[in-house]
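Everything below concerns the one structure shown next.
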Number of protein chains: 2
Amino acid sequence: MVVDDEPSIRDLLSASLRFSGFEVVTAADGHEAVEVARRARPDLVVLDVMLPDLDGFEVARLIDAPVLFLTAREATEDKIAGLRVGDDYVTKPFSLEEVQARIRAVLRRTRAEGAPASKLKVADLELDEEAREVWRAGRQVRLSPTEFKLLHYFMANAGRVLSKAQILDHVWNYDFGGDAGVVESYVSYLRRKVDDVEPRLIHTLRSVGYVLREPPAG
Amino acid sequence: MVVDDEPSIRDLLSASLRFSGFEVVTAADGHEAVEVARRARPDLVVLDVMLPDLDGFEVARLIDAPVLFLTAREATEDKIAGLRVGDDYVTKPFSLEEVQARIRAVLRRTRAEGAPASKLKVADLELDEEAREVWRAGRQVRLSPTEFKLLHYFMANAGRVLSKAQILDHVWNYDFGGDAGVVESYVSYLRRKVDDVEPRLIHTLRSVGYVLREPPAG
DNA sequence: TTAGTCGTTCAGCAATTCCTCAGGTGGTTT
DNA sequence: AAACCACCTGAGGAATTGCTGAACGACTAA
């Protein structure tokens, strides 16, 4: 369940989550959230702390599901102490990769049982979401946060062609104002760190975008 | 639904889309777009960013359908960050092939389920729109963007005779000023790259045009 | 404070792509 | 056979696109 009073944020999150295979319901304020949650029984709630009627933490108390809070970057310090065990938070403005990563982390912790491996693997490139580790050809590679998010997005969409605009939309914060040049820079960093051996996995499709995939045999 | 205030663009797009089997409704400004969309419930909206009354992004917010934006080549950089997930954009001046390719891509992403293969095949020549790959006689072939668009147009119209004027209208931008000589050049490139083995698939019909088809057995 | 990391921008260079043009080829007409 | 025509293709210059090193400020840890 996605709870936010701004329609643009609500749409952004629900479209992105639906695309990733989640079933999504939404609510625009605290009372609606409580009501919808009672009927829909969500596995997890993405909840803006700042709602027009109720405080996000109050809403969380009335709902029996783990919560991922959305909070303004300033108002964090004093609030995060109020998190229940199992909950987590993301600051606005966020990137979709960030939100989805946190959602998966919360669900993983919650559904303690049969923990899914949470490892992505393409050829001899491996990424462990949980441990935040990346391995290429048996060697561990250190990545910065943005490099990690970008590589994760590539690996989660291995074989699919991704435009620079798509990458910008998913990996960078939704309010990022810069141009696609920064994507080129980070692809360059990734190539140096994790794609400096054969077979090359990150391929440029000129004036289209990039793909991460094992090159075809022929 | 096609939304643009210039009648020439509106007609160009709606004629081309109708010919390809889409049902099309049109609108000339933002308010009309919102109204028409409410009644017609389009699966997708092709929307000029620059409208006389409302901003294209505002219109998009008021319509519950994925959007393919049409934007001027300059005004892209700062705007593409404003796309919602699932949306896409094409810069003016565009080619009809370009627009149709993007439309198909958006619809494919949106109707997540039962994704159609999106593969074209003629004899031992195969083209995968999604992966942007081309294979001839089991070998993968690398094509430039224009070569790819041209081959796609040929394969989507396999067996049909295409005049150079038709090809120019579909594959090249609508403001292209040059002559048909460029089509000859690109047909030549294609022949070298994908039609260098038997059976020959691209045939010249002198003073008529070209056809892509498997030659009859006899 | 200092050193280090990170995110971002930018400019110069490299690679690719686009298009034009002109000479050559081969078919068609006179 | 000669003249004409449509077409093919190689060459090359211009433009576009992408890559990467360098530099900057913000931030963090020691």
Side-chain angles (χ1 to χ4, degrees), chain A residues 73-74 76-77 91 93-95 97-98 132 134 141-151 153 161-165 167-168 170-196 200 202-211, chain B residues 73-74 76-78 80-81 91 93-95 97-98 132 134 141-151 161-165 167-168 171-196 200-211:
Chain A
R73 196 172 292 287
E74 304 79 33
T76 59
E77 302 296 345
T91 60
F94 49 77
S95 73
E97 271 291 304
E98 190 65 47
R132 288 212 132 225
V134 173
V141 181
R142 257 181 44 102
L143 296 183
S144 79
T146 302
E147 288 163 357
F148 186 87
K149 279 194 280 184
L150 176 57
L151 182 61
Y153 184 52
V161 178
L162 303 172
S163 72
K164 287 176 205 170
I167 294 172
L168 226 39
H170 280 82
V171 178
W172 270 259
N173 295 344
Y174 58 75
D175 72 337
F176 179 70
D179 72 350
V182 73
V183 177
E184 295 175 13
S185 282
Y186 271 86
V187 168
S188 176
Y189 299 154
L190 277 189
R191 282 189 164 134
R192 197 175 333 170
K193 288 189 176 180
V194 305
D195 208 21
D196 55 346
R200 302 299 159 126
I202 300 175
H203 308 280
T204 302
L205 299 180
R206 192 163 237 263
S207 68
V208 177
Y210 299 96
V211 206
Chain B
R73 194 174 292 286
E74 302 79 33
T76 58
E77 304 292 352
D78 33 310
I80 57 176
T91 60
F94 49 76
S95 72
E97 271 291 303
E98 188 67 46
R132 250 199 128 73
V134 173
V141 181
R142 263 181 39 108
L143 297 183
S144 80
T146 303
E147 289 163 359
F148 187 88
K149 278 194 279 184
L150 176 57
L151 181 60
V161 178
L162 304 171
S163 72
K164 286 178 207 170
I167 294 171
L168 227 38
V171 178
W172 269 260
N173 295 344
Y174 58 74
D175 72 338
F176 178 69
D179 71 348
V182 73
V183 177
E184 296 175 9
S185 282
Y186 273 89
V187 168
S188 173
Y189 299 154
L190 277 190
R191 283 188 163 133
R192 193 178 336 170
K193 288 190 176 180
V194 305
D195 209 21
D196 54 345
R200 303 300 160 129
L201 299 177
I202 301 175
H203 309 281
T204 302
L205 299 180
R206 204 181 165 74
S207 67
V208 178
Y210 299 96
V211 206

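These numbers come from the heavy atoms of this one structure, side chains and all, not from hydrogens, waters or symmetry mates. Keep in mind the model is a prediction, meaning the values are calculated, not measured.
For DNA chain C, the contact window with chain B, defined by any atom under 4.0 Å from a protein heavy atom, covers dT17(C) to dG26(C) in 5' to 3' order.
Using a 4.0 Å cutoff on non-hydrogen atoms, the parts of residues 173-187 of chain B near DNA chain D are E184(B), S185(B), ordered by number.
Closest approach of Y210(B) and I167(B) over heavy atoms only: CD1-CD1, 4.1 Å. In plain terms, the two heavy atoms of V171(B) and L150(B) that are nearest each other are CG1-N, 4.0 Å.
For F94(A), the ring-ring contact (aromatic ring centres under 6.0 Å, His included) test picks out Y174(A), with sequence neighbours left out. Under the side-chain contact (heavy atoms from CB on, under 4.5 Å) criterion, S163(A) pairs with A165(A), Q166(A), sequence neighbours left out. Not a single salt bridge (charged side-chain N to carboxylate O under 4.0 Å, His left out) links R206(A) to another residue, sequence neighbours left out. In this view, D196(A) satisfies the side-chain contact (heavy atoms from CB on, under 4.5 Å) rule with no residue, not counting sequence neighbours. Considering only residues two or more places apart in sequence or on other chains, L205(A) meets the side-chain contact (heavy atoms from CB on, under 4.5 Å) condition with V161(A), V208(A), V211(A), R132(B).
Residue contacts shown for K164(B) are limited to sugar-phosphate atoms, with no base heavy atom under 4.0 Å away.
To the nearest 0.5 Å, atom CG of residue L151(B) and atom OG1 of residue T146(B) are 12.5 Å apart.
Both Y210(B) and R206(B) lie close to DNA chain D; mapped to their nearest nucleotides by heavy-atom distance, the more 5′-ward contact belongs to R206(B).
When the side-chain nitrogen and oxygen atoms of T204(A) are compared with OP1 and OP2 of dC19(D), one or more of them lie within a distance under 4.0 Å. Side-chain N/O atoms of S188(B) include none lying less than 4.0 angstrom from OP1 or OP2 on dC8(D).
Comparing dT20(D), dC7(D), dG18(D) against the side chain of R192(A) picks out dT20(D) as the nearest.
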Practice task
Using a 4.0 Å heavy-atom cut-off, write out nucleotides 23-30 of chain D from 5' to 3' as B (base contacted by protein), S (sugar-phosphate only) or - (no contact).
Solution key: --------
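Residue pairs satisfying the salt bridge (Lys or Arg N to Asp or Glu O under 4.0 Å) criterion with at least one member in residues 172-183 of chain B, sequence neighbours excluded, are absent. The list of side chain to side chain donor-acceptor pair (under 3.5 Å) pairs with a residue in residues 180-193 of chain B, not counting sequence neighbours, reads E147(B)-K193(B), K164(B)-E184(B), R191(B)-T204(B).
Protein atom CD1 of I202(B) is 15 Å distant from nucleotide atom P of dC7(D), rounded to whole Å.
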